[in-house]
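Atoms within a ligand are numbered from 1 in the order they appear, just like the ligands themselves. Because the structure is a prediction, the values reported are computed rather than measured.
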Amino acid sequence: MQYGGDYNPEQWSEETWVEDARLMREAGVTLVTVNVFSWSVIQPAEGVFEWEWLDRVLENMHANGIDVDLATGTASPPPWLTEQYPGVLPQDENGVNLWPGSRQHYSPTSPDYRRLAATLVSALVERYARHPAVSMWHVNNELGCHVAYDYSDNARAAFAEWLEQKYTTIKALNTAWNTAFWSQRYTSFAQIIPPRKTPSFPNPGLVLDFKRFSSDALLDLFVMERDIVRASGATQPITTNLMGAFPGADYWSWAEEMDVVSNDAYPDPNDPEAFRSMAFSSDVMRGLKPDRPWLLMEQATNAVQWRPTNARKQPGVMSAWSMQSVSRGADGILFFQWRQSRAGAEKFHSAMLPHSGEKSRVFREISALGADLKVLPQMGTGSRARVGIVFDWDCLWAVEGPAMPVTLDYHAIVQRWHAALHRQHIGVDIVSARSDLSSYALVIAPLLYLVTDESAANLSNYVENGGHLLVSAFTDVVDETNTFRAGGYLQALGAVFGVAVEEYDALVLPGTGGPGYREASFTVDGTSIRGEYMVDELHPETAEVVAVFSDGPIKGSPALTANGFGSGVGYYIATIPDDAGMTSILAWAAERAGVGPELTGLPEVVEVSRRDEHLLLINHGSEAVSLIIPADASEAGKKEERLELSFQGWTWLHRP
Ligand code: GLA
């Protein structure tokens with residue numbers, strides 16, 4: 001179990017480094033990430049490297065028994081670089097430069113940026129590949145965080161090349177994007193421009209491919225650096241810090257290229273449900289490389305500085321959320337950053353060692369957590385859950401594309417389905433529509449708007465072989481090119497659900513005004529469920545109608561259907577339920593699939609998560625709770641036990 005954080009000693013005198021090492025040892029720190037933003041310190045000019053400073057940092061850590069996750073340092077190009085090569089700057093959709101003065105001001109496809117970054121990484125690994133302090137490599141930092149989409153001429157050239165590789169002929173691209181419409185037919189790849197600001201809606205096919213390209217362009221940077229590190233003979237694992245279900249990059253393809261998945265997670269402590277977003281983010285990480293541990297590379301010890309309101313973490317919250325990550329598969333808990341900055345953009349951002357020093361609440365909590373992590377029970381990498389939720393970046397990009405029937409936030413809606421299981425203490429894995437789903441009793445594929453032939457075959461196969469697949473409105477609408485399949489909607493998965501979709505209708509968006517229907521209700525097992533955002537007009541073919549809409553624009557039409565397909569069942573919900581509705585439908589579907597909670601009778605604010613034979617219970621509520629926990633079935637004669645959990649209190653139970 002690793003423990004530590006980003007260490008940016010370039011901000012401090014070397015006397016302070018001595019104190020840093022002493023306090024790190026006191027807090028139980030085992031691993032620090034160094035050199036993330038040190039490019040201007042180690043390379044003052046092109047062709048000039050000054051390593052002595054970094055040598056001493058690594059020596060200091062090594063002498064104190066602390067390992068280093070050595071960053072390649074490419075995340076923030078120094079001022080001399082952008083002065084000499086202004087063409088590395090990225091551009092926004094108006095074609096305006098994003099200027100130096102903060103960080104991440106590079107175009108991922110700029111040949112100059114790539115060359116200079118590659119030179120830096122080569123020099124770095126040549127010097128440190130075999131350094132005994134270095135236990136891991138950290139490529140760049142949060143790739144795409146500030147600039148997920150670059151619209152510069154670098155991007156234009158690289159996008160044209162990417163498209164040519166994908167489509168081979170311009171004719172194939174014209175067909176895929178239906179450029180016959182609005183006079184958009186291209187006669188060469190060179191004519192294609194990234195989706196910069198246009199008078200009206202840009203072509204949705206172009207927008208979708210641009211998002212795929214942008215994810216690939218960032219990944220290509222990771223791969224370039226990773227290959228340089230590897231080619232140097234370095235044997236340590238190589239990672240880069242991901243950002244949960246970050247909308248700008250298809251992490252399914254990224255994870256394949258990474259040795260270890262690592263995550264940065266900053267849920268808002270002001271949000272009473274933040275612990276559920278944290279759980280979602282962790283489950284995404286575990287899903288990316290199933291059966292392998294991941295690292296929580298960054299989180300805040302207390303407040304951040306980048307929201308309009310930056311609440312602190314109440315006492316206990318930092319520890320509870322950290323332990324939650326361990327229970328969801330993390331083998332390391334790290335923070336941004338070790339020592340709080342005295343100036344600069346993050347001077348109000350919390351750290352492991354705050355301005356108030358070692359006598360502070362935060363440092364006491366940090367030291368206590370370091371001690372708790374040392375005495376954790378021995379745990380494996382975690383077993384698979386019985387329920388899976390599909391997260392699909394192609395769907396996210398397509399569903400949030402231009403000119404749609406209704407505005408939908410894919411990430412938020414998938415996360416709400418996850419929360420609905422979390423509230424019921426049912427464990428869940430995040431999966432891809434292409435994953436092997438055979439171990440899951442129930443799979444939920446929310447807003448599966450875009451379905452490739454491959455995903456459709458995988459999902460059909462899953463149901464045919466006994467799986468229960470639950471989908472909601474707006475499923476299987478377009479193919480991989482964002483085009484309706486011949487015949488209309490639900491053409492790839494129609495047989496699985498045994499219904500036909502005739503029309504979609506948009507409801508007034510939750511939280512907004514205006515005439516029109518705001519909701520469409522239906523009842524399942526005596527519980528009334530409210531649908532929002534949209535309704536699908538379904539016609540049952542082989543499916544059984546479980547519930548019909550009792551109001552809304554298509555009153556009387558099927559709201560929930562169930563269809564036996566092979567030895568499994570396909571469920572179609574013809575709307576997007578509200579939170580309570582998602583919870584009720586999942587309770588109903590889980591029961592039909594034979595899935596139950598990890599423990600029964602727990603309040604919603606008490607979380608339970610399983611890692612192999614260990615269950616973690618956390619009380620996220622604002623008051624202490626007293627729980628009755630069933631006995632461990634493996635220990636004969638033992639009775640149920642009473643468990644008191646204070647606010648943010650947590651405890652591990654052995655439950656094979
Ligand atoms: C990100 C970055 C860090 C820091 C934190 C602040 O995670 O990687 O460098 O800026 O945000 O929350």
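- Under the 30°/60° scheme for interplanar angles, the aromatic rings of Y151 and Y149 are found to be tilted.
- Between T33 and the choices N141, T239, D69, the side chain to side chain donor-acceptor pair (under 3.5 Å) rule is met once, by D69.
- Judged by distance alone, with hydrogens and angles left aside, the side-chain atoms of D429 form a donor-acceptor pair with the main-chain N or O of A385 at under 3.5 Å.
- For F348 and H355, the ring centers sit 6.0 Å or farther from each other.
- Aromatic ring centres of W393 and F391 lie closer together than 6.0 Å.
- Distance OG1/T240 to CG/N140: 6.0 Å, rounded to 0.5 Å.
- Residue-level contacts of ligand 1 at the 4.0 Å heavy-atom threshold are F37, R103, N141, E142, D264, Y266, E298, W306, F336, E346, H349.
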